[in-house]
Amino acid sequence: MKYNFNALEKKWQDYWAKNETFKASNESDKPKYYVLDMFPYPSGAGLHVGHPLGYIASDIYARYKRHKGFNVLHPQGYDSFGLPAEQYAIQTGQHPAVTTEANIKTYRRQLDQIGFSFDWSREVRTSNPDYYKWTQWIFIQLFESWYNNDTHKAEHIDALVKVFEAEGNQNVNAAFDDDTEAFTADEWNAYSEAEKQHILLKYRLTYLAETEVNWCPALGTVLANDEIVNGVSERGGHPVIRKKMTQWSMRISAYAERLLQGLETIDWTDALKDIQRNWIGKSVGASVTFNVVSEALEDTNSEDTSSASVSKHTIDVFTTRPDTIFGVSFMTLAPEHELVSQITTEAQKAEVEAYVEATAKRSERDRMADVKTISGVYTGAYAEHPFTKEPIPIWIGDYVLASYGTGAVMAVPCGDQRDYDFAKHFDIPIPNIFEGVDISEEAFADKDKTIIANSDFINGMNYKKATKRVIYELEQIGQGQGKTNYRLRDAVFSRQRYWGEPFPVYYKNGLPQMISENYLPLTLPEVEKYLPTETGEPPLGNAKVWAWDTNQCAVVSNQLIDNETVFPIELNTMPGWAGSSQYFNRYMDPRNDKEIFSQEAINYWQQVDLYIGGSEHATGHLLYSRFWQKFMFDKGLVPVDEYAKKLINQGMILGTSAIAHRISGTNQYVSNGLKNDYSVEEIRVDVNLVNSSDEVDIESLKNWQPQFKDAEFILEDGKFIVGREVEKMSKRWYNVVNPDEICEQYGADSLRLYEMFLGPLEQYKPWNTAGITGVHGFLKRLWKLYYDDNGFKVTDTEPNKDNLKTLHKTIKKVEEDIENFSFNTSVSTFMIAVNELTAQKCTSRSILESLLILISPYAPHIAEELWEQLGHSTSIATASFPMFEEKHLVESSKNYPISFNGKMRFTLELPLDMSKEDIEKTVLAYEKTREQLQGRTPKKVIVVPGKIVNIVG
RNA sequence: GCUGAAGUGGUGGAAUUGGUAGACACGUUGGACUUAAAAUCCAAUGGCCAUUAUGGCCGUGCGGGUUCAAGUCCCGCCUUCAGUACCA
């Protein structure tokens with residue numbers, strides 16, 4: 001009987017679906033294990049061979065855990081809101097829901113043919129109303145919460161209102177907007193409802209605020225920082241500009257410290273944790289307040305500055321080096337700093353305004369590309385040093401970023417290279433406050449070697465002591481305190497798109513109101529077109545029925561808006577990461593329409609034990625979802641505040657592009673070996689036209705694209721050879737390999753094995769279809785172990801020693817490999833095992849049964865088929881992983897006594913199959929080596945036939 | 001610049017705590033089977049030298065070091081990839 005992989009794979013996929021083999025129960029006597037993949041965005045292009053890599057790895061692990069006796073949850077779903085479907089809708093008028101549905105069908109078919117053990121009964125789609133109902137619900141919970149920095153958790157906004165009513169906001173230690181003004185209880189109680197709501201917005205965990213955002217004109221939407229790469233949009237590569245807009249934001253910055261601390265408790269790769277740490281960007285230092293004394297200077301002589309009356313303006317700066325405060329010789333404000341216009345003197349006004357305008361025009365990208373040019377301008381204003389009361393000139397410069405810290409710095413040119421360069425360039429004095437350090441060439445920034453000098457009360461102190469003392473003294477005069485600053489910004493949550501979750505929000509007198517949870521989901525309305533409206537409103541502005549009737553508690557026509565009972569609804573939708581921030585918990589109880597998930601379900605599954613996905617989500621999904629989880633934890637909805645115990649980032653499978661060389665200005669193509677003789681340009685051709693020797697079939701190339709129809713080809717040795725380039729697998733490089741064809745030609749088991757065999761899971765590696773014959777051949781040889789020309793040949797004979805040795809060393813290796821996620825080496829181990837058992841002519845049932853279980857996570861279809869042939873009536877998925885027994889391995893060596901000087905000293909452990917001659921040689925070799933030991937007694941001697949390899953001890 | 005990861009045959013990649021470097025596979029070459037092809041099977045395959053069998057030398061990016069023993073540990077470089085980028 002032949003190994004007919006197409007038929008048997010179909011058979012078992014149908015069997016698994018029909019019998020719901022992989023359906024997970026929310027209760028079990030077995031221990032639980034939750035294996036999760038990052039769910040895919042169902043794009044129109046379908047899957048290529050790179051996509052399933054992580055899914056295959058997680059599937060192997062999930063299947064392995066089932067063999068090990070765990071109740072495994074291994075779900076899958078779709079992140080089905082997103083920009084491509086919307087852009088397709090704009091072009092074609094097709095409703096995104098329709099294209100998304102079609103794409104999902106393709107994805108499902110492609111996933112099914114690979115034989116994953118997903119529990120499809122738990123499928124979720126972020127664009128389904130019964131799913132995004134709960135995304136909206138979490139949004140409301142965030143709106144109803146504020147972050148208490150004293151208790152370090154989110155609390156209900158009503159508790160904050162109670163505090164305000166009793167004692168105002170003076171003693172509240174909350175994460176809130178900096179510009180919030182202080183008020184007393186009496187003031188609060190006297191505020192109108194609208195005023196109160198305005199103030200509460202500054203405390204809520206999701207809030208509406210005018211923020212400077214990254215606006216992408218080409219996409220007509222706002223982008224989060226992580227959606228911008230090198231100053232252009234991640235999707236499409238369009239330019240991005242800064243723009244002020246009223247937007248919903250998420251107060252993720254409140255969780256900065258906990259997001260940082262939480263990394264210590266989870267088993268994620270160091271690389272990924274590092275990316276998140278950098279992104280959060282914690283720095284410890286102090287905030288210092290400088291009083292501006294500009295007006296006084298403008299009208300009087302500079303000698304009077306020390307006694308001049310202090311202006312009402314102050315400038316707060318953040319510094320990580322308070323110890324260098326006596327080295328301050330100027331201050332620099334970001335051009336966008338709000339005080340710039342107020343403190344600039346008449347004399348400097350024109351120059352400053354010109355500079356501010358010039359900077360505003362430069363795009364982020366220009367500013368980034370141009371780091372070396374030093375530019376700035378003097379404001380004419382002075383601030384006063386908090387301790388020496390000396391005047392300090394205030395400059396503006398674009399090396400100071402408005403978006404970090406306070407947008408202002410105290411410049412210490414002797415201790416910071418940027419300040420140093422700025423001072424040199426504008427001829428500002430550079431006082432030296434370091435003992436025994438030469439600063440004539442560059443600044444001295446080595447904290448650890450710092451000894452402070454010329455600095456009043458901190459002279460002779462090191463960095464640590466001086467810092468502590470300066471902060472203390474600043475506190476004494478009320479001009480500063482210790483402060484920790486984070487780079488992490490609040491996340492903008494509004495998108496001017498159609499195909500996303502609607503906000504459960506309507507506006508009453510311009511103030512946002514939540515639609516009660518009882519009326520969720522607020523479903524996405526139909527629109528005639530998916531572009532922004534003529535008045536520049538988001539696409540939802542095109543909806544005819546999109547107003548909230550507070551009497552009916554329902555969506556009604558926006559013609560009826562009367563601002564008394566019928567109100568406009570938010571026109572923005574939520575960003576892509578909204579739906580993906582809660583899906584992992586929803587899988588635990590996905591059909592629950594009463595709660596986001598039941599407490600029984602969440603308490604049973606707790607958290608994801610193993611999460612596999614790409615590291616490109618490090619500063620996006622993987623950060624935002626941790627934030628939501630912590631919030632949910634504060635609300636008592638989830639039992640743990642980190643949702644993924646272990647995370648593995650699978651590497652990308654790259655394409656191997658084929659490059660034909662066209663002679664410039666002609667329609668002649670030259671074979672790769674001859675390209676240096678001409679001036680050529682590189683044209684990428686479809687990799688499917690190229691064979692394993694890089695030779696192109698010219699006839700199919702001519703039929704592939706019209707430009708090749710009449711082309712001439714200059715051959716070498718009668719062949720046309722292309723060059724190769726490894727790059728990202730993408731349609732535009734014509735290097736996409738489709739898994740459908742691989743499954744058709746070699747089978748899903750071959751695909752699964754080969755993807756693992758390609759190399760370590762985490763690594764980036766090129767796809768090369770030619771190599772798949774190796775694993776495919778292995779599967780055929782495996783088949784032959786059970787079948788020969790006469791049919792099934794397994795017998796009940798007792799396994800011999802060699803059989804057992806082969807089996808047990810395979811068990812040991814495969815178990816270790818899976819636990820360490822080195823799936824590539826177990827494929828090799830299988831090959832060796834099958835070769836050995838073939839050579840041993842092993843037909844023993846017990847050996848072959850155990851072998852099948854070992855292989856089944858990797859190649860489940862062939863394993864099921866042979867398992868059935870062995871007489872089992874249930875799926876191999878329920879079989880127990882074979883037990884490893886050491887005894888089958890150790891009997892391979894024997895101890896030989898070694899003696900010299902007539903005395904027996906110790907033994908040599910030698911392989912059993914060593915010949916007498918080799919033993920003699922070995923002992924002789926040992927005697928020789930012994931001389932090098934100079935009398936020491938070795939603990940262990942490592943030998944190979946005829947040789948002492950090494951002596952340990 | 002900073003942070004992280006990695007450099008091993010023609011290629012993808014193996015090598016427990018330092019212990020036979022190159023497993024396994026692709027590719028290549030030769031052979032068997034076949035009218036032929038495909039498929040399958042067998043053999044060889046790091047480099048150099050020697051060759052009648054045995055062998056010898058060199059080899060894990062570069063230069064040093066520790067050790068009986070280094071791909072692995074230590075010091076100093078080089079290169080590549082990824083993340084980040086005037087973060088005060």
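Order of the sequence lines sets the chain letters (A, B, ...), proteins ahead of strands, with each chain counted from 1. All values derive from a computational prediction rather than experimental measurement.
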Asks: Which value, in whole Å, describes the distance between the C1' atoms of nucleotides B:A15 and B:G22?
Replies: 9 Å
Asks: Please name the nucleotide paired to B:A32 by Watson-Crick or G-U wobble geometry with both distances under 3.5 Å, or report none.
Replies: B:U40
Asks: Could you give the distance separating B:C86 and B:U11 at their C1' atoms, to the nearest angstrom?
Replies: 43 Å
Asks: For A:Arg277 and B:U84, give me the distance from atom CZ to atom P, rounded to whole Å.
Replies: 16 Å
Asks: For the side chain of A:Arg724 and the backbone of A:Val722, is there at least one donor-acceptor N/O pair under 3.5 Å apart?
Replies: no
Asks: Would you mind reading off the distance between A:Lys282 atom NZ and B:C2 atom C1', rounded to a whole angstrom?
Replies: 19 Å
Asks: When you compare B:C73 with B:A6, how far apart are their P atoms, in angstrom units rounded to a whole number?
Replies: 10 Å
Asks: OP1 or OP2 of B:C86 less than 4.0 angstrom from a side-chain nitrogen or oxygen of A:Gln417, does that happen here?
Replies: no
Asks: Using a 4.0 Å heavy-atom cut-off, does A:Asp270 contact any base of the nucleic acid, only the sugar-phosphate backbone, or nothing at all?
Replies: nothing
Asks: As a test of reading the structure: which of B:G13, B:C86, B:U84 is closest to the side chain of A:Asp398, going by heavy atoms?
Replies: B:C86
Asks: Taking only the C1' atom of each, what is the distance from B:A14 to B:U60 in whole angstrom?
Replies: 12 Å
Asks: Could you give the distance separating B:A23 and B:G13 at their C1' atoms, to the nearest angstrom?
Replies: 10 Å
Asks: Looking at B:G1, I'd like to know if its phosphate oxygens (OP1 or OP2) sit under 4.0 Å from a side-chain N or O belonging to A:Arg418.
Replies: no
Asks: Rounded to whole angstroms, how far apart are CD1 on A:Ile280 and P on B:C87?
Replies: 19 Å
Asks: Check the distance between B:C86's C1' and A:Leu333's CG and give it to me in whole angstrom.
Replies: 16 Å
Asks: Between A:Gln840 and A:Thr806, is any side-chain donor less than 3.5 angstrom from a side-chain acceptor?
Replies: yes
Asks: The side chain of A:Ala271 is closest to which nucleotide in this list: B:A88, B:C24, B:G4?
Replies: B:G4
Asks: Using a distance-only test with no angle check, is there a side-chain donor-acceptor pair under 3.5 angstrom linking A:Thr656 and A:Asn768?
Replies: no
Asks: Could you say whether A:Val827 or A:Thr406 is positioned toward the 5' end of RNA chain B, judged by the nucleotide with the nearest heavy atom to each?
Replies: A:Val827
Asks: Rounded off to whole Å, could you give me the CZ-to-P distance for the A:Phe830 and B:A23 pair?
Replies: 20 Å
Asks: If you only use heavy atoms from C-beta on, which nucleotide in B:G13, B:U40, B:A85 is closest to the side chain of A:Lys765?
Replies: B:G13
Asks: Scan A:Ser403 against the nucleic acid and name what it touches under 4.0 Å (heavy atoms): base, sugar-phosphate only, or nothing.
Replies: nothing
Asks: Under a 3.5 Å cut-off for both distances, is B:G76 Watson-Crick or wobble paired, and to whom?
Replies: B:C62
Asks: Does a nitrogen or oxygen in the side chain of A:Ser283 sit under 4.0 Å from OP1 or OP2 of B:A88?
Replies: yes
Asks: Closest approach to the side chain of A:Asn824, judged atom by atom: which nucleotide of B:G13, B:A88, B:A25 is it?
Replies: B:G13
Asks: Please give the distance between the C1' atoms of B:G56 and B:U51 as a whole number of Å.
Replies: 11 Å
Asks: Strictly by Watson-Crick or wobble contacts shorter than 3.5 Å, is anything paired with B:G18, and which nucleotide is it?
Replies: none
Asks: Run through A:Tyr858, A:Phe823, A:Trp767 and flag the one making a ring pair (Phe, Tyr, Trp, His ring centres under 6.0 Å) with A:Tyr754.
Replies: A:Trp767
Asks: When you measure from the side chain of A:Pro760, which nucleotide among B:A23, B:A88, B:G13 comes out closest?
Replies: B:G13
Asks: With both distances under 3.5 angstrom, what nucleotide forms a Watson-Crick or G-U wobble pair with B:U3?
Replies: B:A82
Asks: How do A:Gly405 and A:Ile275 order along RNA chain B: which one's closest nucleotide is nearer the 5' end?
Replies: A:Ile275
Asks: Please determine, by modelled atom types, if A:Asn649 and A:Ser615 share a side-chain donor-acceptor pair under 3.5 angstrom.
Replies: no
Asks: In whole Å, I'd like the distance from the CG atom of A:Asn835 to the P atom of B:A43.
Replies: 11 Å
Asks: From C-beta outward on A:Trp279, which listed nucleotide comes closest to its side chain: B:U84, B:A23, B:C86?
Replies: B:U84
Asks: Hey, does the side chain of A:Lys780 come within less than 4.0 Å of B:A39's phosphate (OP1/OP2), counting only N and O?
Replies: no
Asks: Tell me which nucleotide among B:U3, B:A25, B:C26 gets nearest to the side chain of A:Asn278.
Replies: B:U3
Asks: Verify the ring-centre separation between A:Tyr3 and A:Phe5: is it less than 6.0 angstrom?
Replies: yes
Asks: As a test of reading the structure: which of B:C86, B:A14, B:G12 is closest to the side chain of A:Thr825, going by heavy atoms?
Replies: B:A14
Asks: Is any side-chain N of the basic residue among A:Glu257 and A:Lys282 closer than 4.0 Å to the acidic one's carboxylate O?
Replies: yes
Asks: Of the options B:A14, B:C24, B:U40, whose atoms approach the side-chain atoms of A:Phe757 most closely?
Replies: B:C24
Asks: Using whole Å, what does the distance between atom P of nucleotide B:A14 and atom CD of A:Glu816 come to?
Replies: 16 Å
Asks: Rounded to whole angstrom, note down the C1' distance from B:A70 over to B:A85.
Replies: 38 Å
Asks: Return the orientation label for the A:Phe884 and A:His808 ring planes: parallel under 30°, perpendicular over 60°, tilted otherwise.
Replies: tilted
Asks: Would you measure the distance from the P atom in B:G46 across to the matching atom in B:A25 and give it in whole Å?
Replies: 15 Å
Asks: I need the CD-C1' distance between A:Glu762 and B:G12, as an integer number of Å.
Replies: 16 Å
Asks: Who does B:G55 pair with, Watson-Crick or G-U, both distances under 3.5 Å?
Replies: B:C49
Asks: Answer yes or no: does a side-chain N or O of A:Tyr404 lie under 4.0 Å from OP1 or OP2 of B:A88?
Replies: yes
Asks: What form does the base of B:G9 take, syn (within 90° of 0) or anti?
Replies: syn
